[in-house]
Engineer: 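I am attaching a structure below and will ask some questions about it afterwards.
Note that the structure is a prediction, hence the values are computed from the model and not measured.
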Amino acid sequence: MPAKRQAPATQPPPEPKPKAAAASGTARRTRTARATAPHGGACKLFVLDTNVLMHDPTSLYRFEEHDLYVPIMTLEELDNNKKGTSEVARNTRQASRMLDEIVSQSENGIEAGIALEGPSRGLATGRLYLQTEAIDVALPAALPTARGDNQILAVVMFLADKHPQREVILVSKDINMRIKARALGLAAQDYFNDKVLEDSDLLYTGTRELPPDFWDAHGRGMQSWKEEAHTYYRLSGPLAPEMLVNEFVYQDGEPALQAWVKEKEGRSVVLETLVDFSHQRNNVWGITARNREQNFALNLLMNPEIDFVTLLGQAGTGKTLLTLAAGLTQVLESKRYSEIIMTRVTVPVGEDIGFLPGTEEEKMAPWMGALEDNLDVLNGTAGEGGDWGRAATRDLIRSRIKIKSLNFMRGRTFLNKFLIIDEAQNLTPKQMKTLITRAGPGTKVVCMGNIAQIDTPYLTEGSSGLTFVVDRFKGWAHAGHITLQRGERSRLADYAAEVL
């Protein structure tokens, strides 16, 4: 029997507004046979799938002047997923609270739609519609009406027929749901507002190659001086306004230059030459930089003025090894930090092996194979002391490294710690915010990951928490980012990364 669904208010659609832009973040627009009909300039009607609200509860306020429609089945699925302590359950409860706040502020009932301008404090100027009466739409026989997704599609079909003058669009994070909608002749698109970038190739790399004529174009009025072991250049020119604080600049040739931007004021910048960590005299726990980007990364990791470091790169570029070497040096030698805390997202690549026995650290141990592998490398560089000396060093190192689970991070504050977040590409922006705000005075946070290897559902390269923080922290005086380019693991690993 066809699903019974409610129709939106029968009032005429709102008058066109002067601003007829696409919904915030919806840069790409899907047009189908039904959606290509002329719509005048009327604002669009977006039908929200449940996974959009579960992914981003604030999506209710992200569509600017356009109207939203929430089917009853969406509310039912929110109710079914509200229990638990997972991030999805928390988002579901937050979405329900926001809906309750919007509905409770409605003075004229919900049939005519609820203005979002007040609840959103001006972020959205459209209206929110909830189903208030049953609808009767005959779905194709191949689509069982018992499925929640198909009932939402029935609502979209009803709205598209009822308002032919408006563009009715289904917004869903579910790819199959969007495919089914398009097969039925309905407009459907992904939720784009959470994406920092449409193209990951545009992501900030932290480096800039200077053109050959850089000194000719920027040398007029240049000031140069030395402080301790560093040389400083104050210069201005056409490239200066584009540079960001803590961005690394380099120029090959004779003489070669590697420096980073320490100050920026208007059209002038101050460049500071780097410490050369590729030389053995500047080794970090026996490790030296093997390429230019690794040298940039070690300058960030060893600088006490940098509180937040992000390292991107494919497998084998040295992210974990460099970070652990810098952490051990600053914990055990210079005593800058009291201990290393390491955590990561526990998303399995294959089948889940079930519950793990033991304490928190013992449960996390299978996920920390990368830590143990790199400690074996670093322990071999700890000097000559025979088997006894290496065993004692290994015990000392392990006593200063704590392995923590993300599940117990909320509410904590880390004082004077070296915090490492591995596999950070699997974190959502909200989880990333939760982790970084744990940092207390004297704590350094290092995020590592490869955005080409995302295992979390509904996360993409553009919406990953790692992409989010790289974009938001660029240009801050106490944060730095480097994208490591060259693999240093082995020729086999490099070739596999290239051809597979």
Engineer: How close do Ser464 and Ile454 get, counting heavy atoms only, and between which atoms?
Structural biologist: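 Reported closest heavy-atom pair: CB-CD1, 4.0 Å.
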Engineer: Step by step, work out the side-chain contact (heavy atoms from CB on, under 4.5 Å) result for Lys444 and Asp307.
Structural biologist: CA-CA 5 Å; Lys444 190 185 193 100; Asp307 300 331; 5.6 Å; no
Engineer: Do Ile169 and Val47 have side chains that get closer than 4.5 Å, going by heavy atoms?
Structural biologist: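 Result no, sub-4.5 Å side-chain heavy-atom pair not found.
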Engineer: Going by heavy atoms in the side chains, are Leu301 and Val284 under 4.5 Å from each other?
Structural biologist: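 Leu301 does not reach Val284 side chain to side chain.
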Engineer: State, with a plain yes or no, whether a side-chain heavy atom of Tyr61 is found less than 4.5 Å away from one of Met98.
Structural biologist: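 Yes. Closest side-chain heavy atoms under 4.5 Å.
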Engineer: Determine whether Leu484 and Gln294 satisfy the following criterion, side-chain contact (heavy atoms from CB on, under 4.5 Å), listing intermediate values before the conclusion.
Structural biologist: CA-CA 7 Å; Leu484 298 166; Gln294 286 192 356; 4.2 Å; yes
Engineer: Report the C-alpha distance between Leu170 and Leu186 in whole Å, list the side-chain angles of each, state the deciding distance to 0.1 Å, and finish with yes or no for side-chain contact (heavy atoms from CB on, under 4.5 Å).
Structural biologist: CA-CA 8 Å; Leu170 171 69; Leu186 303 169; over 6 Å; no
Engineer: Any ion pair linking Lys44 and Asp67 (charged N to carboxylate O, less than 4.0 Å)?
Structural biologist: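 Salt bridge between Asp67 and Lys44, a charged N being under 4.0 Å from a carboxylate O: no.
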Engineer: Give the minimum heavy-atom separation between Leu244 and Gly475, together with the two atoms involved.
Structural biologist: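 For Leu244 and Gly475, the tightest heavy-atom pair comes out as CB-CA, 4.1 Å.
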Engineer: Please enumerate all residues that pass salt bridge (charged side-chain N to carboxylate O under 4.0 Å, His left out) together with Arg97, with sequence neighbours excluded.
Structural biologist: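 Scan of Arg97 (salt bridge (charged side-chain N to carboxylate O under 4.0 Å, His left out), adjacent residues dropped) gives none.
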Engineer: How long is the gap from CZ on Phe46 to CG on Leu128, to the nearest 0.5 Å?
Structural biologist: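 So the gap between those two atoms works out to 14.0 Å.
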Engineer: Of Leu328, Thr329, Leu322, Leu324, which meets side-chain contact (heavy atoms from CB on, under 4.5 Å) against Ile287?
Structural biologist: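 When side-chain contact (heavy atoms from CB on, under 4.5 Å) is applied between Ile287 and each of Leu328, Thr329, Leu322, Leu324, only Leu322 qualifies.
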Engineer: Quick one: side chains of residues 334-341, donor-acceptor pairs under 3.5 Å with protein atoms, not counting sequence neighbours, listed by atom name and distance.
Structural biologist:
| unit_1 | atom_1 | unit_2 | atom_2 | d |
| --- | --- | --- | --- | --- |
| Ser334 | OG | Gln330 | O | 3.4 |
| Lys335 | NZ | Leu332 | O | 2.8 |
| Arg336 | NH1 | Met302 | O | 3.2 |
| Arg336 | NH1 | Gln330 | OE1 | 2.6 |
| Ser338 | OG | Asn416 | O | 3.0 |
| Glu339 | OE1 | Lys402 | NZ | 3.4 |

Engineer: Could you tell me whether a side-chain N or O of His218 sits under 3.5 Å from a main-chain N or O of Phe214, the two making a donor and an acceptor?
Structural biologist: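 Yes, the answer is positive, given that a donor and an acceptor are paired below the 3.5 Å cut-off.
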Engineer: Please indicate whether Arg290 has more than 12 foreign heavy atoms, meaning atoms of other residues, nucleotides or ligands, lying under 6.0 Å from its CZ.
Structural biologist: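 Incorrect, the count does not exceed 12.
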Engineer: Counting only pairs under 3.5 Å, give me each side-chain donor-acceptor contact of residues 429-437, with atom names and distances, residues two or more places apart or in other chains.
Structural biologist:
| unit_1 | atom_1 | unit_2 | atom_2 | d |
| --- | --- | --- | --- | --- |
| Lys430 | NZ | Asn91 | OD1 | 3.1 |
| Gln431 | OE1 | Thr428 | N | 3.0 |
| Gln431 | OE1 | Thr428 | OG1 | 3.4 |
| Thr434 | OG1 | Lys430 | O | 3.0 |
| Thr437 | OG1 | Lys433 | O | 2.7 |
| Thr437 | OG1 | Thr434 | O | 3.1 |

Engineer: How close do Leu427 and Leu459 get, heavy atom to heavy atom, and via which atoms?
Structural biologist: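 Taking Leu427 first and Leu459 second, the nearest heavy atoms are O-CD1, 3.5 Å.
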Engineer: Taking side chain as C-beta onward, heavy atoms only, is Asp190 less than 4.5 Å from Lys173?
Structural biologist: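 Yes, close enough: below the 4.5 Å cut-off.
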Engineer: With no hydrogens and no angle check, do the side chains of Gln223 and Trp225 hold a donor and an acceptor under 3.5 Å apart?
Structural biologist: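 Looking only at side-chain atoms, Trp225 and Gln223 do not form any donor-acceptor pair under 3.5 Å.
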Engineer: Provide the closest heavy-atom pair for Pro119 versus Gln105 in the form atom of the first, atom of the second, distance.
Structural biologist: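 Looking at all heavy atoms of both residues, the shortest contact is CG-OE1, 3.6 Å.
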Engineer: Is the backbone N or O of Ala240 less than 3.5 Å from a side-chain atom of Arg267, with the two atoms forming a donor-acceptor pair by type?
Structural biologist: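 No, Arg267 side chain to Ala240 backbone: no donor-acceptor pair under 3.5 Å.
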Engineer: Tell me every residue that passes side chain to side chain donor-acceptor pair (under 3.5 Å) with His279, counting only those two or more places apart in sequence or in another chain.
Structural biologist: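 Applying side chain to side chain donor-acceptor pair (under 3.5 Å) to His279 gives Arg281.
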Engineer: Using modelled atom types only, decide if a donor and an acceptor are shared between the side chain of Gln425 and the backbone of Gln453 within a distance under 3.5 Å.
Structural biologist: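 Pair found, side chain donor or acceptor close to backbone of Gln453.
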Engineer: Can you measure from SG (Cys43) to CZ (Arg127) and round to the nearest 0.5 angstrom?
Structural biologist: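 CZ of Arg127 is found 10.0 Å from SG of Cys43.
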Engineer: Could you tell me if the side chain of Leu116 sits less than 4.5 Å from the side chain of Leu60, heavy atoms only?
Structural biologist: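 No - every pair of side-chain heavy atoms lies 4.5 Å or more apart.
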Engineer: Under 30°, 30 to 60°, or over 60°: which ring-plane class applies to Trp260 and Phe248, parallel, tilted or perpendicular?
Structural biologist: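 Trp260 vs Phe248 ring planes: parallel.
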Engineer: Check Phe414 against Thr443 and note the closest heavy-atom contact, atom names and distance.
Structural biologist: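 It is O-OG1, 2.7 Å.
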Engineer: Using a 6.0 Å cut-off, check whether atom CD1 of Ile175 has over 12 heavy atoms from anything other than its own residue.
Structural biologist: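 Counting other residues, nucleotides and ligands, CD1 of Ile175 stays at 12 neighbours or fewer.
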Engineer: Does the side chain of Asn282 come within less than 4.5 Å of Leu298's, by heavy atoms?
Structural biologist: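 SC-SC contact between Leu298 and Asn282 ruled out.
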Engineer: Mind checking what makes salt bridge (charged side-chain N to carboxylate O under 4.0 Å, His left out) contact with Lys264, not counting sequence neighbours?
Structural biologist: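 Partners of Lys264 by the salt bridge (charged side-chain N to carboxylate O under 4.0 Å, His left out) criterion come out as none, since no residue qualifies.
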Engineer: What's the spacing between Ser120 OG and Phe63 CZ if we round to 0.5 Å?
Structural biologist: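 Answer rounded to 0.5 Å: 13.0 Å.
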Engineer: Looking only at side chains, do Gln258 and Tyr250 share a donor and an acceptor under 3.5 Å apart?
Structural biologist: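 No, because no side-chain N or O of Gln258 sits under 3.5 Å from a partner of the opposite role on Tyr250.
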Engineer: If we only count heavy atoms from C-beta on, is the Tyr204 to Thr310 side-chain gap below 4.5 Å?
Structural biologist: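 Answer no - side chains too far apart.
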Engineer: Has the side chain of Thr467 got a donor or acceptor atom that lies under 3.5 Å from a matching backbone atom of Leu203?
Structural biologist: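 Judged by distance alone, no pair lies under 3.5 Å.
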Engineer: Can you check side-chain contact (heavy atoms from CB on, under 4.5 Å) on Val470 and Thr483, steps first, answer last?
Structural biologist: CA-CA 10 Å; Val470 169; Thr483 300; over 6 Å; no
Engineer: Using the test side chain to side chain donor-acceptor pair (under 3.5 Å), find all partners of Glu209 that sit at least two apart in sequence or belong to another chain.
Structural biologist: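 Glu209 satisfies side chain to side chain donor-acceptor pair (under 3.5 Å) with no other residue.
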Engineer: Can we say Glu272 and Lys262 salt-bridge, meaning some charged N sits less than 4.0 Å from an Asp/Glu carboxylate O?
Structural biologist: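 Between Lys262 and Glu272 there is no salt bridge, as every charged N stays at least 4.0 Å from the carboxylate O atoms.
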Engineer: Measure across Ile306 and Leu300 and return the closest heavy-atom pair with its distance rounded to 0.1 Å.
Structural biologist: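 Ile306 and Leu300 have their closest heavy atoms at CB-O, 3.8 Å.
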Engineer: Quick check: does any side chain N or O of Arg438 sit under 3.5 Å from a backbone N or O of Arg412, one acting as donor and the other as acceptor?
Structural biologist: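 Yes: the side chain of Arg438 pairs with the backbone of Arg412.
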Engineer: Quick check on Glu333: does its CD atom have over 12 non-hydrogen neighbours (other residues, nucleotides or ligands) under 6.0 Å away?
Structural biologist: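 More than 12 within 6.0 Å, yes.
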Engineer: Are Tyr233 and Met222 packed together at the side-chain level, in the sense that at least one heavy-atom pair is separated by less than 4.5 angstrom?
Structural biologist: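 Yes, at least one pair of side-chain atoms sits under 4.5 Å.
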